[in-house]
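Here the structure comes first, spelled out in structure tokens, and everything after it is commentary.
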Amino acid sequence: MPKSRIRKKADYTPPSSKQTTVIKLNSRAWVAPVMLAMFLIGLAWIVVFYVTDGSLPIDALGNWNIVVGFGFIAAGFAVSTQWK
């Protein structure tokens with residue numbers, strides 16, 4: 001029976017080094033502080049409304065103070081869309 005040929009494997013050659021590209025994130029520095037401030041203001045508005053039994057922050061608004069608090073929170077989410 002004839003012997004099979006032994007095949008020589010090719011030597012490993014590492015891939016050519018590619019030039020690395022620098023990824024520059026154009027993050028706006030104002031977005032994160034404003035977003036967090038809106039969240040905290042909205043949360044504080046609602047907490048103050050509940051703790052003071054509706055007499056603060058603005059007595060004339062009544063239960064609409066909850067809507068104002070959630071409005072601040074929603075504005076925080078709207079600002080968060082600008083974050084890159």
Side-chain angles (χ1 to χ4, degrees):
M1 177 163 273
K3 276 186 155 180
S4 63
R5 284 190 243 157
I6 299 174
R7 297 181 189 146
K8 184 179 179 187
K9 294 182 179 180
D11 293 333
Y12 174 74
T13 55
S16 62
S17 62
K18 295 181 181 178
Q19 217 174 18
T20 58
T21 58
V22 177
I23 298 173
K24 185 177 180 183
L25 299 176
N26 293 330
S27 180
R28 299 178 181 129
W30 60 270
V31 173
V34 171
M35 176 184 64
L36 291 175
M38 292 294 219
F39 289 153
L40 292 176
I41 290 170
L43 180 65
W45 194 289
I46 294 171
V47 167
V48 167
F49 174 71
Y50 277 117
V51 168
T52 61
D53 292 328
S55 62
L56 287 177
I58 301 174
D59 190 27
L61 290 179
N63 285 336
W64 283 97
N65 279 306
I66 298 170
V67 175
V68 172
F70 278 114
F72 275 112
I73 294 171
F77 279 115
V79 170
S80 72
T81 62
Q82 299 299 316
W83 197 5
K84 290 183 180 184

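Remember, it's a predicted structure, so these values are computed and weren't measured experimentally.
Counting all heavy atoms, side chain and backbone alike, Val79 lies closest to Met35 at CG1-N, 4.1 Å.
Think of Val47 as one node in a network of Ile, Leu, Val, Met, Phe, Trp and Tyr side chains linked at under 4.5 Å; its network also takes in Leu43, Val51.
Within the 4.5 Å cutoff, no side-chain heavy atoms of Ile46 are placed close to those of Val68.
Contacts of Phe49 classified as ring pair (Phe, Tyr, Trp, His ring centres under 6.0 Å), with partners at least two apart in sequence or in another chain: none. With sequence neighbours left out, Phe77 forms a ring pair (Phe, Tyr, Trp, His ring centres under 6.0 Å) with Phe39.
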Exercise for the section: Could you give me the CA-CA distance, side-chain angles and deciding distance for Tyr50 and Ile66, then say whether side chain to side chain contact (heavy atoms under 4.5 Å, CB included) is met? Expected result: CA-CA 9 Å; Tyr50 277 117; Ile66 298 170; 3.4 Å; yes
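Under a hydrophobic clustering in which Ile, Leu, Val, Met, Phe, Trp and Tyr are joined whenever their side-chain heavy atoms come within less than 4.5 Å, directly or via other members, Ile73 and Ile58 fall into the same cluster. Placement of Val48 and Val67 in two distinct hydrophobic clusters is found when ILVMFWY residues are connected by side-chain heavy-atom separations under 4.5 Å, directly or transitively.
Pairs of residues two or more places apart, or lying in two chains, that qualify as side chain to side chain donor-acceptor pair (under 3.5 Å) and include a residue from residues 57-69 are Trp45-Asn65.
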